[in-house]
Amino acid sequence: MKQGSHANWESAAGKWQHRPPITPDPDDIAWFERTTRVPGAGPRALLLGVTAGIATMGWPAGSELLAIDWSAGMIDKAWPRAGLPPAATVVQADWMAMPLPARSRDIALGDGCYTALGSLDQVVALNRAVSRVLEPGGVLALRCFARGTTRASVDEIFAAVLAGREKNLGLVRWQLMMALQGDDTEGVVLDDLWRLWHERIPDPAALIEQHGWYPHEVANIERYAGQQARYVYPTVAEMEAAAAPDFALVECDVPTYRGGEHFPRLRFVKRA
């Protein structure tokens, strides 16, 4: 990851509070569980990040789980202390330079990993890094944050929010970021989202009770003030193309929950 992302993730760690669809819901977790059901012994699994729902899901007997996150704060605050498979370890390291031998994992899983990288070039680099540690035929299974072929405009999103039709500000935050990115392959600077939010809603704290917003979701937007890190929201076609040198896309499962088209579950298989 780029150096500018460090401050964002360390800042987020102590205040990590999100709800679906920003975090996986039970249907998402069920999909991840299905991806680990392979013949033979439980898989040697790599978890990109410390997503608690994935780490504590129902793992096959004999599974070996290694989670890698580059943020000490996220490991300290977000890594679950209970409900893990018996052979579970977490390591602080960069995804682009994972301390793993080549071909040492059967499956890699993650939630929203591509978005945290900030650009499509970095997505390609992560795919290459994951490919190195997977066995031929190994699986990369990700729930992604994706721009759709159509998306609401900034004006439409704020109209829905201020009319009380949309109360999930986590989802609104993602919708606004996707609208700001447009067709660009570079991600959106977090501070740009904060500035837009305050241009349209100068005093959000005053509207929390009126609109039924969750205070922590307002705080998640406020935390972006001054942050120069980028988040990127590729389309499914862009993600497939970025993976193509190393992986074949074999499944694109679109959740049925509201907004599910922006949270596709992608299963890739490593090319021989």
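Computed from heavy atoms alone, side chains included, the values below leave out hydrogens, waters and symmetry copies.
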Undergrad: With sequence neighbours left out, write down each residue that passes side-chain contact (heavy atoms from CB on, under 4.5 Å) with Asp184, or none if nothing qualifies.
TA: Gln181, Glu186
Undergrad: Nearest 0.5 Å, what's the SG-CG distance between Cys113 and Leu142?
TA: 5.5 Å
Undergrad: Does the side chain of Thr36 reach to within under 4.5 Å of the side chain of Met57, using non-hydrogen atoms?
TA: yes
Undergrad: I'd like to check the side-chain contact (heavy atoms from CB on, under 4.5 Å) partners of Asn168; sequence neighbours left out, ordered by chain and number.
TA: Arg19, Pro21, Glu166, Leu171, Glu217, Arg258
Undergrad: Just to verify, what does Asp191 make a side-chain hydrogen bond (donor to acceptor under 3.5 Å, both in side chains) with, not counting sequence neighbours?
TA: Arg195
Undergrad: Sort and list the pairs that fulfil ring-ring contact (aromatic ring centres under 6.0 Å, His included) and have at least one residue in residues 20-49, not counting sequence neighbours.
TA: none
Undergrad: When clusters are formed by joining ILVMFWY residues with side-chain heavy atoms under 4.5 Å apart, either directly or through shared neighbours, do Ile201 and Tyr214 land in the same one?
TA: no
Undergrad: If you take all heavy atoms of Ala152 and Glu156, which pair is closest and at what distance?
TA: CA-OE1, 3.3 Å
Undergrad: For Thr185 and Val232, work out which heavy atoms get closest and say how close.
TA: O-CG2, 3.6 Å
Undergrad: List for me each residue that meets ring-ring contact (aromatic ring centres under 6.0 Å, His included) alongside Phe145, sequence neighbours excluded, and say none if there are none.
TA: Trp174, Phe263
Undergrad: Should we count CD of Glu209 as having more than 12 external heavy atoms under 6.0 Å?
TA: no
Undergrad: Would you say Met96 and Leu126 make side-chain contact, with heavy atoms under 4.5 Å?
TA: yes
Undergrad: Side-chain contact test, heavy atoms from C-beta onward, threshold under 4.5 Å: evaluate it for Pro24 versus Ile29 and give yes or no.
TA: yes
Undergrad: If hydrophobic clusters are built from ILVMFWY residues whose side chains come within less than 4.5 Å, do Leu176 and Leu207 share one?
TA: yes
Undergrad: Once ring-ring contact (aromatic ring centres under 6.0 Å, His included) is applied, what residue pairs with a partner in residues 98-131 remain, sequence neighbours excluded?
TA: none
Undergrad: Got a donor-acceptor contact below 3.5 angstrom from the Trp95 side chain to the Ile68 backbone?
TA: yes
Undergrad: Among residues at least two apart in sequence or on other chains, which ones pass ring-ring contact (aromatic ring centres under 6.0 Å, His included) with Tyr257?
TA: none
Undergrad: Are Trp194 and Leu169 joined in one hydrophobic group, where the rule is that I, L, V, M, F, W and Y side chains link up if heavy atoms are under 4.5 Å apart?
TA: yes
Undergrad: Any side-chain heavy atom of Leu193 sitting closer than 4.5 Å to one from Tyr231?
TA: no
Undergrad: Among all residues two or more places apart in sequence or in another chain, which pass the ring-ring contact (aromatic ring centres under 6.0 Å, His included) test with Trp213?
TA: Trp197, His211
Undergrad: Could I get the full list of side-chain contact (heavy atoms from CB on, under 4.5 Å) partners for Ala219, not counting sequence neighbours?
TA: none
Undergrad: Are Val189 and Val123 linked, directly or through other ILVMFWY residues, by side chains that come within less than 4.5 angstrom of each other?
TA: no
Undergrad: Exactly one of Arg128, Arg271, Lys270 should register a salt bridge (charged side-chain N to carboxylate O under 4.0 Å, His left out) with Asp246. Which one does?
TA: Arg128
Undergrad: Is a donor on one side and an acceptor on the other found under 3.5 Å between the side chain of Glu238 and the backbone of Thr235?
TA: yes
Undergrad: So do the side chains of Ile221 and His198 get within less than 4.5 Å of each other, counting heavy atoms only?
TA: no
Undergrad: Going by side-chain hydrogen bond (donor to acceptor under 3.5 Å, both in side chains), name the residues that satisfy it together with Arg267, two or more places apart in sequence or in a different chain.
TA: Glu251
Undergrad: A side-chain contact here means heavy atoms from C-beta on lying under 4.5 Å apart; do Asn127 and Pro245 qualify?
TA: no
Undergrad: Side chain of Arg147, backbone of Tyr233: donor and acceptor closer than 3.5 Å?
TA: yes
Undergrad: I need the Ile107 CD1 to Thr35 OG1 distance, nearest 0.5 Å.
TA: 4.0 Å
Undergrad: Mind checking whether Met74 and Val90 have side chains closer than 4.5 Å, heavy atoms only?
TA: no
Undergrad: Tyr224 and Glu222: side-chain contact (heavy atoms from CB on, under 4.5 Å), yes or no, with the steps?
TA: CA-CA 5 Å; Tyr224 286 178; Glu222 294 300 324; over 6 Å; no
Undergrad: I need the Ser71 OG to Gln92 CD distance, nearest 0.5 Å.
TA: 7.0 Å
Undergrad: Would Asp183 and Arg151 pass as an ion pair if we require N to O under 4.0 Å?
TA: yes
Undergrad: Tell me whether Leu180 is reachable from Met178 by hopping between hydrophobic residues (I, L, V, M, F, W, Y) whose side-chain heavy atoms are closer than 4.5 Å.
TA: yes
Undergrad: Any pair with a residue in residues 50-63 that passes side-chain hydrogen bond (donor to acceptor under 3.5 Å, both in side chains), sequence neighbours left out, goes on the list, sorted by first then second residue, please.
TA: none
Undergrad: Considering all heavy atoms of both residues, which atom of Pro85 and which atom of Ala55 are nearest to each other, and what is their separation?
TA: CD-O, 3.4 Å
Undergrad: Got a second to check how far Asp69's CG is from Trp79's CH2, nearest 0.5 Å?
TA: 9.5 Å
Undergrad: Looking only at non-hydrogen atoms, find the nearest pair between Val91 and Pro99 and report the distance.
TA: CG1-CG, 4.3 Å
Undergrad: Looking at CG of Asp111 and CZ of Arg143, how far apart are the two atoms once the value is rounded to the nearest 0.5 Å?
TA: 4.0 Å
Undergrad: Between Val130 and Leu48, is any pair of side-chain heavy atoms under 4.5 Å apart?
TA: yes
Undergrad: Could you report the tightest heavy-atom contact between Pro204 and Val218, atom names first, then the distance?
TA: CB-CG1, 4.1 Å
Undergrad: According to side-chain contact (heavy atoms from CB on, under 4.5 Å), who are the partners of Ala129, at least two apart in sequence or on a separate chain?
TA: Met98
Undergrad: Flag the pair Asp155 and Arg200 as a salt bridge only when some basic side-chain nitrogen lies within less than 4.0 angstrom of an acidic carboxylate oxygen.
TA: yes
Undergrad: Regarding Asp27 and Arg265, does a basic nitrogen lie under 4.0 Å from an acidic carboxylate oxygen?
TA: yes
Undergrad: Mind listing the closest non-hydrogen atom pair of Arg105 and Leu66 along with its distance?
TA: NH1-CB, 3.7 Å
Undergrad: Show your working on side-chain contact (heavy atoms from CB on, under 4.5 Å) between Arg173 and His18 and close with a plain yes or no.
TA: CA-CA 12 Å; Arg173 180 164 47 105; His18 300 278; 3.4 Å; yes
Undergrad: Can you measure from OG1 (Thr23) to CD1 (Ile54) and round to the nearest 0.5 angstrom?
TA: 10.5 Å
Undergrad: Met177 vs Thr115, test: side-chain contact (heavy atoms from CB on, under 4.5 Å). Steps then yes/no.
TA: CA-CA 11 Å; Met177 295 285 271; Thr115 288; over 6 Å; no
